[in-house]
Protein chains: 2
Amino acid sequence: MPRPPRLTAEQITETALRLGDRDGPQAMTMRRIAAEVDCDPMALYRHYANREALLDAVADAAVAGVEAPAPDAPWAERLTRLLTAIRDAALEHPGIAAHIASRPPLGPHGRRLAAALLGTLSDAGLSPADAVRTFQTLTAYLAASLAMGVQAGTRDARWEQVRTVVDELPGGMPGEELAVVGSTDQFSYGLQLLLDGIRARSAAPPA
Amino acid sequence: MPRPPRLTAEQITETALRLGDRDGPQAMTMRRIAAEVDCDPMALYRHYANREALLDAVADAAVAGVEAPAPDAPWAERLTRLLTAIRDAALEHPGIAAHIASRPPLGPHGRRLAAALLGTLSDAGLSPADAVRTFQTLTAYLAASLAMGVQAGTRDARWEQVRTVVDELPGGMPGEELAVVGSTDQFSYGLQLLLDGIRARSAAPPA
DNA sequence: ACCTGAACACCGTTCAAGT
DNA sequence: ACCTGAACACCGTTCAAGT
């Protein structure tokens, strides 16, 4: 009789997520993940085709806790709440945030959230074609905001350098705290810009 | 008398750019770049602190050919032309496009283009604070569009998979060619959305 | 048939030894 | 003083050998 496998796919992703949160993205190597779950590195390949597939699964696990807002709120509010929740969830896991930024999660949780997003855009009165295009625009913006994401204690040195350059630009605002690259304030501003654009195409204004 | 150095920083970035275009991003390793310029790998460290610094310089070289539009056109048109030109330049260099997407070039050419962008937003009537915020939003959107960028013959297998998932989503449009993730059409749509949002905040409409 | 780990073909970077 | 390349401490993944 076949014993249940000592190692499950979920155990691997959960452990990898914790490892990344603790030691950063560069720690999420096959060898170190294997050491963390105390198995041979090759055992991981029994559950995932390669490192990329494993990281995709970890990314999906990172957004598992995000819930789609109830459909009774106005569409603009639902969009804001959902996108903010995804951003927050990703930033809570610094180990995998950059991976999520490089492409949206495609596992069950990612698809669930994508469906919620598309449904909300449909409720906003967009045609199916425009809903898909807008969905992709919002996804792109969210991904880039994550890449620039700054969380307390997780400041990315490279984006910090970008901020310095922006400050030194003619017309820039040296010392302006509001304009911090990747801040929540900055994210909200761009999102409002996009929502205004969507409103202009929407047949059902939010009021 | 000190001879001129056999190897210049420009030679290195130009060679690395060609190598990346020919063999892809994963070919741009210190060792292979060194082999391409026919020097010891360690000689590269005489010109760049580390691999990241070298790739930053290559990214800046990739946008060297982009010129800011003349300031007599309406601001919306100037924004569109400039962002499109940067996107085109980056997509012409598949070896470095993903690196540019992960953060904007910070070298002389990158700063030149950033200054042009900020100036145009100022011409649009935005306050300095809003210009900086909008600049960052546009930069974020451009970066993400690049990450999803699909160029003839350069289709990224991972984003191809995203397209498949989007097609299968409820409310999605299976077989809809217009909605290709990362397409130029898709890029323009999102950019228009943002321009509409900017217009709403602009004191000087383009007409 | 399944699993394991040695081995392969690489990395970026350090640093001691050479000129 | 400058430069070089051997060596270090890793990678992801293949595959032959074991159970």
Side-chain angles (χ1 to χ4, degrees), chain A residues 1-13 15-59 94-96 98-100 102-103 156-158 161, chain B residues 1-13 15-59 61 94-96 98-99 102-103 156-158 161:
Chain A
M1 64 212 103
R3 270 194 299 161
R6 194 177 68 80
L7 203 59
T8 68
E10 285 71 30
Q11 275 176 338
I12 295 171
T13 50
T15 304
L17 190 58
R18 278 205 316 276
L19 175 64
D21 291 347
R22 172 158 43 87
D23 294 348
Q26 78 286 356
M28 299 174 76
T29 68
M30 299 303 267
R31 290 168 122 105
R32 288 189 62 174
I33 293 166
E36 198 79 5
V37 296
D38 194 29
C39 74
D40 189 278
M42 289 317 297
L44 301 178
Y45 288 85
R46 192 143 302 280
H47 296 89
Y48 300 102
N50 49 38
R51 182 172 120 98
E52 194 158 292
L54 196 160
L55 290 185
D56 285 347
V58 175
I96 201 72
H99 190 261
I100 294 177
S102 81
R103 84 156 163 180
D156 182 321
R158 302 183 77 220
Q161 197 182 335
Chain B
M1 62 211 104
R3 269 194 299 161
R6 195 177 67 80
L7 202 60
T8 69
E10 284 73 28
Q11 275 176 338
I12 295 171
T13 51
T15 304
L17 190 59
R18 278 204 317 275
L19 175 64
D21 292 347
R22 172 159 41 87
D23 295 346
Q26 78 287 357
M28 299 173 76
T29 68
M30 299 303 267
R31 291 169 121 106
R32 289 190 62 175
I33 293 167
E36 198 80 5
V37 296
D38 195 29
C39 75
D40 189 278
M42 289 318 296
L44 302 177
Y45 288 85
R46 192 143 303 281
H47 297 89
Y48 299 101
N50 50 37
R51 182 170 119 96
E52 194 156 294
L54 196 160
L55 290 185
D56 285 347
V58 175
I96 202 70
H99 190 260
S102 81
R103 83 155 163 181
D156 182 321
R158 301 183 78 220
Q161 198 182 336

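So you know, we letter chains A, B, ... as the sequences are listed, proteins then strands, and number each from 1.
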Please report the distance, rounded to the nearest Å, between CG in B:Leu54 and P in C:dC11. 14 Å
Let's see if you can work this out: which of C:dT14, C:dA6, D:dG12 has an atom nearest to the side-chain heavy atoms of A:Met42? C:dA6
Rounded interatomic separation in angstrom, taking CZ from A:Arg32 and P from D:dC11: 7 Å
Assign each of B:Ala43 and A:Gln26 the nucleotide of DNA chain D bearing its closest heavy atom; nearer the 5' end lies the nucleotide of B:Ala43
Is there a Watson-Crick or G-U wobble partner for C:dT13 with both distances under 3.5 Å, and which nucleotide is it? D:dA7
Mind calculating the distance between CZ (B:Arg31) and C1' (D:dC8) to the nearest angstrom? 11 Å
Using whole Å, what does the distance between atom C1' of nucleotide C:dC11 and atom CZ of A:Arg51 come to? 13 Å
What is the distance, rounded to the nearest whole Å, between atom CE of B:Met28 and atom P of C:dC10? 18 Å
One should read off an interatomic distance between A:Leu54 CG and A:Arg51 CZ, to the nearest 0.5 angstrom, of 9.0 Å
Using the P atom as the point on both nucleotides, what is the distance between D:dT19 and C:dA7, in whole Å? 16 Å
Going by heavy atoms in the side chains, are A:Asp56 and A:Tyr48 under 4.5 Å from each other? no
Between atom OH in A:Tyr45 and atom P in C:dG5, what is the gap in whole Å? 16 Å
Give none if D:dC2 has no partner; otherwise give the nucleotide forming a Watson-Crick or G-U wobble pair with it, both distances under 3.5 Å. C:dG18
Considering all heavy atoms of both residues, which atom of B:Met28 and which atom of B:Leu55 are nearest to each other, and what is their separation? CE-CD2, 3.8 Å
From the options D:dT4, D:dT13, C:dT13, select the nucleotide whose nearest atom is closest to the side chain of B:Arg46. D:dT4
How many whole angstroms separate atom NE2 of B:His47 from atom P of D:dC2? 14 Å
To the nearest 0.5 angstrom, please state how far the CZ atom of B:Arg46 sits from the CG atom of B:Leu7. 11.0 Å
Distance in angstrom units between B:Asp40 CG and C:dG12 C1', rounded: 13 Å
Looking only at atom C1', what distance separates D:dA9 and C:dA9, rounded to whole Å? 16 Å
Nearest 0.5 Å, please: how far is CD in B:Glu36 from CD in B:Gln11? 13.0 Å
